[in-house]
Undergrad: 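Structure incoming, see below.
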Amino acid sequence: MSEDAAPKHRYDARLANEIEAKWQDYWESERTFLAPNPVGGLSEGFDQAKGKDKLYVLDMFPYPSGAGLHVGHPLGYIGTDVFGRFHRMNGRNVLHAFGYDAFGLPAEQYALETGQHPRDATEANIATMRRQLRALGLAHDPRRSVATTDVPYYRWTQWIFLQIFESWYDDAAHKARPITELVAELESGKREPRSAANPDGKPWKDLDERTRREVVDSYRLAFREEALVNWCPGLGTVLANEEVTADGRSDRGNFPVFKKPLKQWMLRITKYAERLLADLDLLDWPEPIKLMQRNWIGRSAGALIRFPIEGYDERIEVFTTRPDTVFGATYMVLAPEHPLVDRIVPGDWPPATAPAWRGTFGTERTPAEAITEYRAFAATKTEMERQAEGREKTGVFTGAFAKNPANGEAIPVFIADYVLMGYGTGAIMAVPGQDERDWEFAEQFELPIVRTVEPTPEFDGKAFLGDGPAINSGFLDGLNIVDAKHKIGEWLVANDAGEPTINYKLRDWLFSRQRYWGEPFPIVFGEDGLPRAVPADALPVELPELDDFRPASLDENDAESDPEPPLARAERWLEVELDLGDGPQKYVRETNTMPQWAGSCWYYLRYLDPTNEDALIDPAIDEYWMNPNGVDLYVGGVEHAVLHLLYARFWQKVLFDLGHVSTREPFHRLYNQGYIQAPAFRDSRGIVVEATEVTERDGSYFHGDNEVAREFGKMGKSLKNAIAPDDIYRDYGADTLRLYEMFMGPLDASRPWSTADIAGVYKFLQRVWRNVLDEDSGELHVSDEPADDETRRVLHRTIAAVREDMGELKFNTAIARLFELNNHLTQVVTQRGSAPREVVEPMVLMLAPLTPHVGEELWQRLGHAGSLAYEPFPEADPTLLVEDEIEVPVQVKGKVRAQVRVPAGTSDETLEQAARDDPRIAALLDGVTIRKVIVVPGRLVNFVTD
RNA sequence: GCCCGGGUGGCGGAACGGCAUACGCGGAUGGCUCAAAACCAUCUGUCCGAAAGGGCGUGCGGGUUCGAAUCCCGCCCCGGGCACCA
């Protein structure tokens, strides 16, 4: 039997699993990886950590998937673990914790699909994930693990919401301040109550109580607003802009999304646009991620210009980045939903209105009718349909004319769906001469086109976007774009026609969801229907148990349906008697829940002080771990480039403004790990088939008898190509899995999984094991005899390289160096019959962050008591890194023709002479003219000949 | 369409402007063995050549340089982000 033939003490999967379980139990019972806080409940052991530098490494918060982990998930977790273990050995106080983002759509959708209650499904999934991760041997501090669904956790999520609700943004101070300070300023007259809730601009003292409340509410950073939002009947909830894909479908579930006016909770993230943009410069993040955030925030400098409407006391306000082209504005366009439209429409078409202007369908008898019809046409189209129809311009004339403030000309006002209500003011001045979209529309509707920038002579296109002197522009003529913008800006201000301004693409964060599985809002409504905060000492507002937690089942294509929050069905929970300062009264609770992203906005703070019941975080603890720059290393997928990372930065800034945290940015260094890809297979219909059922024959792939096509894609459910870590643990052990994932490529690159390649790192661990102890007897064969000089040099070169690579997260090359060291050691063992301890011990220590179980086991067998987790990482002896003799390539005309060996530190002249003395070089140089000799000290000689 | 990444052996991947292909997988040959596995050793970009040696080689085409995978310009392909954003 082959099993009997294998040596008894070989490092195989069985032994690996034994060792792994042993050390995982040891770390847990010995509390090896608890990171002490400076103060508070988790401060035990801080005496030993005093004087150490802190290191906060963080993995992006995963949601506990129902399918369990596949081998692609832990890539980043292993990376942070290796990095953390490496620095723990370098004497850092390392905080590494792990928790679960368990509220929200993915968790709830999973529960729905499997017919479970979300809490049961979530708890089971977390338990599975904990088991799978524990088996990987990650050095987490288990005391700090949290789930967003834990009541003590979401109590503080609600508390943070209250901070946001109870504050406003002071534009002058560029920061959030408590709402009580706003009220004080309003009462004292220091500030005028300017708000849409006070349309007449009455002074505070003349406002009634209700209006005062409404004014204050309109200032809050968390506020309710009737706005066009993304309604997704398929999910039964509204969604944030960030959760809607470019083709107008839900990020989760891929259901159609419709724009619909609904009153929803919003968070005023737009007030932070400038700081969110500017502070990116403080961060050590991959440039593409910063760019994605910059694009999402979408800052553009331009001007607001007001166009009076003829015959009405109304003005159309537009935002433009090209105020210099205002003389070329030959018509205007409002978004179909623009509120002004209803107020400016005349009863009948002006004389001589072209038929084409009267509506896309040519049947409209009055402007009002045409508008109604066009609005219906625009509203029924999803983003997807709009795109499918290309960019053909549609629209209709409103019957109204505006006056161009620059030249006084009357220009027609249209509505068209190429102008979006959600950007700028929802209205534009159309300048076809310098804008391609406006040009297309102008052609379609036969509108005049006036160039206001002189195109370059060779230009033969339509709209001209380049720079050039202004023409047809009165006092701007001759100026280039930059100067013209400047001048028109001054003119607008002087003539009360507008002013330079900055506009952002970023919208306020739609924060309410009509789903069950989320944090309830700590908000109640009185009889007046106005929101009131639940007092902080009455938190948490617990999520009620509901037998039927399902969202209303709606037709996913029915744009006319309305959200129906499940919490409205929790009758006993819904009504509550509270004393909010004016005696006990009955209130009705807010029935919306918070979005998935709420809980993940601040979990990195809770890891620091997870047991604190009196405050969000103890300032001393925040100071210790977060100062000066926040999380030292944050590893996660690029898919969170906008959503999570933007929201978390926003919350951090609000908490910073209000004095609850000490740093303005949460994540100093961000690193995006790649994805592990795996082969996936599609049959002739293009349907994905289960990858594990596919067999290979003669270079082709078959599912049963059907040939299938192979592709590579991100491992997961949708491609049916997931590989479970449990199978790899069973066949090779967790250390092999860890080592393989770190070896297969750079951490930030995506790469295909190859189970065949695992054998390579598995055999490496076997060779390491065999170099330390005898496979048959289990006896150590390590000797205290010194290593030979060459071996010692190899060791120290390895140490230097591994140290550097690990510090830079280049684990793949660090491992390659360890392979080389071990290969060298194999030769030494073959020759001497034993391995020198002075090589074996550093090698085990260097391996330990990567393969901690093997590391600990060998360390123990080498005679050490206790864990190596805090042993110093080996340091290279610099004197052993310099070579006595070096080999230098010699080139003739840039081609390598020979190698010469010279002592290190040889002078350039001597090196050149040595090169000339080489017989092959001498032969090549014989009879040719040497034009130049390049000598790179210690590296290369190049003879340049004719 | 615009903006980012990236294209290196049969495969995963190395390489401060200075010996391209480290390390691993796969493959070949040899050792050990009755034999196989395991293990150990050597070789393994490609073409010409018996060999010595030489030609060609980092997606394609140019350029800078004594010297380019690396820097610059123009293309092609793959992956990602944004997309009527005024």
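This is a predicted model, so every value here is computed, not measured. Order of the sequence lines fixes the chain letters, A, B, ..., with proteins taken first and strands second; residue numbering starts at 1 for each chain.
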Undergrad: Is there a Watson-Crick or G-U wobble partner for B:A15 with both distances under 3.5 Å, and which nucleotide is it?
TA: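 Matched B:A15 with nothing under the 3.5 Å cut-off.
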Undergrad: Taking any strand in view, what nucleotide pairs with B:G9 in a Watson-Crick or G-U wobble way, both distances under 3.5 Å?
TA: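 Because no pair has both required distances under 3.5 Å, B:G9 counts as unpaired.
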Undergrad: Do the two ring centres, one from A:Phe764 and one from A:Phe743, sit under 6.0 Å apart?
TA: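 No, the ring centres sit 6.0 Å or more apart.
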Undergrad: Could you tell me whether A:Lys462 and A:Glu443 have a side-chain N and a carboxylate O separated by less than 4.0 Å?
TA: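 Salt bridge present between A:Lys462 and A:Glu443.
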Undergrad: Within the pair A:Asn812 and B:A14, is there a side-chain N or O less than 4.0 Å away from OP1 or OP2?
TA: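 Yes, within the criterion.
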Undergrad: Would you state whether a donor and an acceptor, one from the side chain of A:Lys393 and one from the base of B:C84, lie under 3.5 Å apart?
TA: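 Present.
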Undergrad: Salt bridge or not for A:Glu887 and A:Arg939, using N-O below 4.0 Å?
TA: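 Salt bridge: no.
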Undergrad: Please identify which of these residues, A:Tyr762, A:Trp753, A:Tyr732, meets the ring pair (Phe, Tyr, Trp, His ring centres under 6.0 Å) condition with A:Tyr740.
TA: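 Among the candidates, only A:Trp753 passes.
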Undergrad: Need one value for A:Gln899: base, sugar-phosphate or nothing, where a base atom within 4.0 Å counts as base even if backbone is also close, heavy atoms only.
TA: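 Touches a base.
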Undergrad: When we call it a touch if two heavy atoms are under 4.0 Å apart, what does A:Leu940 touch: a base, just sugar-phosphate, or nothing?
TA: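 Touches a base.
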Undergrad: Give a yes or no on whether a salt bridge exists between A:Asp284 and A:Lys290, defined as a side-chain N under 4.0 angstrom from a carboxylate O.
TA: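 Answer for the salt bridge query: no.
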Undergrad: Categorize A:Phe819 for me: base, sugar-phosphate, or nothing, with a 4.0 angstrom heavy-atom threshold over every strand shown.
TA: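 If one applies the 4.0 Å heavy-atom cut-off, A:Phe819 turns out to touch the sugar-phosphate alone, with no base involved.
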Undergrad: For A:Val936, answer base if it contacts any base atom (sugar-phosphate contacts may also be present), sugar-phosphate if it contacts only those atoms, and nothing otherwise; contact means non-hydrogen atoms under 4.0 Å.
TA: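 Base contact.
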Undergrad: Between A:Arg751 (CZ) and B:G5 (C1'), how many Å, whole number?
TA: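 For the pair A:Arg751 CZ and B:G5 C1', the rounded distance is 16 Å.
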Undergrad: For A:Ser754, report the nucleic acid contact type (base, sugar-phosphate, nothing); a contact means any heavy atom under 4.0 Å.
TA: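 Answer is nothing: A:Ser754 stays at 4.0 Å or more from every strand.
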Undergrad: Can you identify which nucleotide, out of B:G53, B:A86, B:C40, has its nearest atom closest to the A:Arg920 side chain?
TA: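 Nearest to the side chain of A:Arg920 among the choices is B:G53.
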Undergrad: Hunt down the Watson-Crick or G-U wobble partner of B:C60, both distances under 3.5 Å, from any strand shown, or write none.
TA: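 Because both required distances fall under 3.5 Å, B:C60 counts as paired with B:G74.
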Undergrad: Would you mind classifying the nucleic acid contact of A:Ser750 as base, sugar-phosphate or nothing, using non-hydrogen atoms under 4.0 angstrom?
TA: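 Since only primed, P, OP1 and OP2 atoms lie under 4.0 Å of A:Ser750, the category is sugar-phosphate.
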Undergrad: Please tell me whether A:Glu392 and A:Tyr418 have a donor and an acceptor in their side chains that are separated by less than 3.5 angstrom.
TA: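 On atom types as modelled, these side chains do not qualify, holding no pair under 3.5 Å.
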Undergrad: Looking at every strand, decide which applies to A:Pro286 at a 4.0 Å heavy-atom threshold: base, sugar-phosphate, or nothing.
TA: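 The answer is nothing, as A:Pro286 stays clear of every strand by at least 4.0 Å.
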Undergrad: By nearest nucleotide on RNA chain B, pick out whichever of A:Arg767 and A:Asn823 is the more 5' one.
TA: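 Mapping each residue to its closest nucleotide by heavy atoms, the 5'-most match is A:Asn823.
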Undergrad: What is the pairing partner of B:U29, taking Watson-Crick or G-U wobble pairs with both distances under 3.5 Å in any strand?
TA: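 Pairing partner: B:A41.
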Undergrad: Does the side chain of A:Arg897 get closer than 4.0 angstrom to OP1 or OP2 of B:G54 through an N or O atom?
TA: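 For B:G54, OP1 or OP2 has a side-chain N or O of A:Arg897 closer than 4.0 Å.
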Undergrad: Could you tell me which nucleotide pairs with B:C34 by Watson-Crick or G-U wobble geometry, both distances under 3.5 Å, or answer none if nothing does?
TA: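 For B:C34, the partner nucleotide comes out as none, under the 3.5 Å rule.
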Undergrad: A:Leu643 CG to B:G81 C1': how many Å, rounded?
TA: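 Going from A:Leu643 (CG) to B:G81 (C1'), I get 13 Å.
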Undergrad: For A:Asn672 and B:G81, give me the distance from atom CG to atom C1', rounded to whole Å.
TA: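 A:Asn672 atom CG is separated from B:G81 atom C1' by 13 Å.
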Undergrad: Whom does B:G79 pair with, Watson-Crick or G-U wobble, provided both distances fall under 3.5 Å?
TA: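 Answer to the pairing question: B:C4, which forms a Watson-Crick or G-U pair with B:G79.
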Undergrad: Using a heavy-atom cut-off of 4.0 Å across all strands, would you classify A:Lys763 as base, sugar-phosphate, or nothing?
TA: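 Sugar-phosphate only.
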Undergrad: Within this structure, what is the OH-to-C1' distance between A:Tyr11 and B:C39, rounded to whole angstrom?
TA: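 Checked: the OH to C1' distance equals 19 Å.
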Undergrad: Any strand is fair game: report the nucleotide pairing with B:G53 by Watson-Crick or G-U wobble, both distances under 3.5 Å, or none.
TA: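 Check on B:G53: paired to B:C48, both distances under 3.5 Å.
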Undergrad: CD of A:Gln891 versus P of B:G67: gap in Å, rounded?
TA: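 About 10 Å, once rounded to whole Å.
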Undergrad: Watson-Crick or G-U wobble partner for B:A20, using a 3.5 Å limit on both distances?
TA: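 The answer is none; no pair meets the criterion.
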Undergrad: Below 3.5 Å, does any donor atom in the side chain of A:Asn942 face an acceptor in the base of B:C66, or the other way round?
TA: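 Indeed there is one.
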Undergrad: Between B:C84 atom P and A:Leu334 atom CG, what is the distance in whole Å?
TA: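 Going from CG in A:Leu334 over to P in B:C84 covers 19 Å.
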Undergrad: Which is more 5' along RNA chain B, the nucleotide nearest A:Arg10 or the one nearest A:Met292? Just name the residue.
TA: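 Taking each residue's closest nucleotide, the earlier one in sequence belongs to A:Arg10.
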Undergrad: Please answer whether the main-chain N or O of A:Thr798 pairs with a side-chain N or O of A:Arg803 as donor and acceptor at a distance below 3.5 Å.
TA: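 Side chain of A:Arg803 to backbone of A:Thr798, a donor-acceptor pair under 3.5 Å: no, none is there.
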Undergrad: Base of B:G9 relative to its sugar, syn (within 90° of 0) or anti?
TA: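 Glycosidic conformation of B:G9: syn.
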Undergrad: Please state how far atom CG in A:Leu506 lies from atom C1' in B:C82, giving the value in whole angstrom units.
TA: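 Roughly 15 Å, once rounded to whole Å.
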Undergrad: Nearest of B:G12, B:A86, B:C19 to any side-chain atom of A:Thr321?
TA: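 So the nucleotide nearest the side chain must be B:A86.
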Undergrad: With no hydrogens and no angle check, just 3.5 Å: does a side-chain donor-acceptor pair link A:Asn771 and A:Thr826?
TA: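 A:Asn771 vs A:Thr826: donor-acceptor pair found between side chains.
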Undergrad: Looking at every strand, decide which applies to A:Gly760 at a 4.0 Å heavy-atom threshold: base, sugar-phosphate, or nothing.
TA: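 Answer is sugar-phosphate: A:Gly760 comes under 4.0 Å of backbone atoms only.
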Undergrad: For A:Arg299, report the nucleic acid contact type (base, sugar-phosphate, nothing); a contact means any heavy atom under 4.0 Å.
TA: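 If one applies the 4.0 Å heavy-atom cut-off, A:Arg299 turns out to touch nothing in the nucleic acid.
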Undergrad: Can you measure A:Glu639 atom CD to B:C4 atom P for me and round it to whole angstrom units?
TA: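 That distance rounds to 22 Å.
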